[in-house]
**Q** 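Quick one: this structure, given as structure tokens, is what I'll be asking you about.
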Number of protein chains: 2
Amino acid sequence: MAGKKNQKPDYEKMLRKAGVRITRPRRVIVDILAGTDDHPDALEIFRRASAVDPGISLSTVYRTTKLLEGLGAIHRHAFEGGPSRFEQAQGEHHDHLIDLDTGDVIEFKSERIEQLQNEIAEALGYDIIHHRLELYGRKR
Amino acid sequence: MAGKKNQKPDYEKMLRKAGVRITRPRRVIVDILAGTDDHPDALEIFRRASAVDPGISLSTVYRTTKLLEGLGAIHRHAFEGGPSRFEQAQGEHHDHLIDLDTGDVIEFKSERIEQLQNEIAEALGYDIIHHRLELYGRKR
DNA sequence: ATGCAATTGCAAATCGTTTGCAAAAAGAAA
DNA sequence: TTTCTTTTTGCAAACGATTTGCAATTGCAT
Ligand SMILES: [Mn+2]
Ligand SMILES: [Mn+2]
Ligand SMILES: [Zn+2]
Ligand SMILES: [Zn+2]
């Protein structure tokens, strides 16, 4: 899952299509997101962006992640405790297991669970718009 | 599920066992939690508590919910968007479907999903400490 | 009733995030 | 290119939810 993201998404094209300007800060931030398979939070993106261009502000990181999220280009995860973390919206859907000791995020996917979720919602008369499945655990 | 909570928990006994003092604010807050099957947030608990004793402060609501959570007497849910919401830790484990239009919280339980979660964690070499499964949807 | 530690209410602080605003940059048009 | 208009930026201040310091109050064991 991580490590085999389909192909690096063309965020610039997405931005262009969205009719927003392609600025230097956006290019930097977007490149960072497109080039990683982990789940950095805003501050971490800010650090990485600062290494490329020290002028970029944390505000712009927040504004850009929000913009990309709105475009469906990235996903936001509010894992318990910490700040929001982001990842590209490429690849197939998956859920996460968070290592309570290290904070590591491990991705997994269960077609069976996805299916059961749909059956449950169906039985309750609902359509699922999105969901959240997070396992919090420690190494055995 | 909601509406058929096993039996009203004796929070006073829990508090006593925890070695903390049974104060008027605590009694009021604890009674509110013990007497409802919904998922109120701190502000809502504060409103309900204020109706009983106008002197109770929001700080005390926060402190008491945190205390009860620490004792395992109540559960905290950080549904997306809003503030934390609480419910008694009685009854069997269940997960939630949140109505995106009304904010209503619907409880459900799937032994199959719980089982699959364990198998996934097992396969990854982890023990699940707790998890979060939330379906966000709208009426069909 | 007394004494002291635990708890409270209040106000101020905190954390992650958002926002107003004036200055800077994008990019369409000339 | 230069000009023009609009969007975007950085900064600082505001924000909402929650936590905290502190002095006053309370619970409760003696
Ligand atoms: Mn992921
Ligand atoms: Mn519930
Ligand atoms: Zn899923
Ligand atoms: Zn569950």
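Residue numbers begin at 1 in each chain, while the letters A, B, ... track the order of the sequences.
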**Q** Check the angle between the aromatic planes of F79(A) and H77(A) and answer parallel, tilted or perpendicular using the 30° and 60° thresholds.
**A**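 The rings of F79(A) and H77(A) lie parallel, inter-plane angle below 30°.
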**Q** Please lay out, stage by stage, how M14(A) and D10(A) fare under the test side-chain contact (heavy atoms from CB on, under 4.5 Å).
**A** CA-CA 7 Å; M14(A) 304 194 72; D10(A) 190 346; 5.8 Å; no
**Q** So does S59(B) reach the base of dA11(C) with its side chain, donor to acceptor, closer than 3.5 Å?
**A**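 When only heavy-atom distances are counted, S59(B) does reach the base of dA11(C) through a donor-acceptor pair under 3.5 Å.
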**Q** So for atom CZ, which belongs to R112(B), do other residues, nucleotides or ligands contribute more than 12 heavy atoms lying within a distance under 6.0 Å?
**A**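 Atom CZ in R112(B) is not packed in, count stays at 12 or less.
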**Q** Starting at atom CG of D53(A), determine the distance to atom C1' of dT9(D), rounded to an integer number of angstrom.
**A**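 After rounding, the gap between these two atoms is 11 Å.
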**Q** Could you check how far CG of L15(A) sits from P of dT9(D), rounded to whole Å?
**A**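 Nearest whole value for this atom pair: 10 Å.
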**Q** Kindly indicate whether the side chain of T36(A), heavy atoms from C-beta on, has any atom under 4.5 Å from the side chain of Q88(A).
**A**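 The answer is no, as the side chains (C-beta and beyond) never meet within the 4.5 Å cut-off.
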**Q** What one-letter contact string describes nucleotides 23-30 of chain C from 5' to 3', where B marks a base within less than 4.0 Å of any protein heavy atom, S marks contact via sugar-phosphate atoms alone, and - marks no contact?
**A** --BBS---
**Q** Strictly below 4.0 Å, heavy-atom distances to any atom of DNA chain D: list the hits from residues 60-80 of chain A, or just say none.
**A**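 The answer is T60(A), R63(A).
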**Q** Nearest nucleotide by nearest heavy atom, which residue falls closer to the 5' end of DNA chain D, L58(A) or R85(B)?
**A**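 With R85(B) and L58(A) compared, the 5'-side residue is L58(A).
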**Q** Between C1' on dG9(C) and CD1 on I29(B), what's the gap in Å once rounded to a whole number?
**A**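 That distance rounds to 12 Å.
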**Q** So, using side chain to side chain contact (heavy atoms under 4.5 Å, CB included) as the criterion, who are the partners of E119(A) when residues are at least two apart?
**A**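 Counting only residues at least two positions away or on another chain, E119(A) forms a side chain to side chain contact (heavy atoms under 4.5 Å, CB included) with Q115(A), L116(A).
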**Q** Salt bridge check, R47(B) against E44(B): does any charged N sit closer than 4.0 Å to a carboxylate O?
**A**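 Salt bridge present between E44(B) and R47(B).
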**Q** Looking at the rings of H130(B) and H93(B), which for Trp means the six-membered one, are their centres under 6.0 Å apart?
**A**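 Between H130(B) and H93(B), the centre distance exceeds or equals 6.0 Å.
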**Q** Side chains of H75(B) and E87(B): is there a donor and an acceptor less than 3.5 Å apart?
**A**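 No donor-acceptor contact under 3.5 Å links the two side chains.
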**Q** With sugar-phosphate meaning primed atoms plus P, OP1 and OP2, does G55(B) contact a base, only sugar-phosphate, or nothing at under 4.0 Å between heavy atoms?
**A**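 Touches sugar-phosphate only.
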**Q** From CG of D41(A) over to C1' of dG16(C), roughly how many Å is that when rounded to an integer?
**A**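 One finds 10 Å between C1' of dG16(C) and CG of D41(A), rounded.
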**Q** When you get a sec, tell me which of dC10(C), dT17(C), dT7(C) is the closest nucleotide to the side chain of S84(A)?
**A**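 From the listed options, dT17(C) comes nearest.
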**Q** Does the pair V105(A) and R85(A) meet the rule for a side-chain contact (heavy atoms from CB on, under 4.5 Å), with working shown?
**A** CA-CA 10 Å; V105(A) 175; R85(A) 301 172 64 159; 3.7 Å; yes
**Q** Using whole Å, what does the distance between atom P of nucleotide dA17(D) and atom CD of E44(B) come to?
**A**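 After rounding, the gap between these two atoms is 14 Å.
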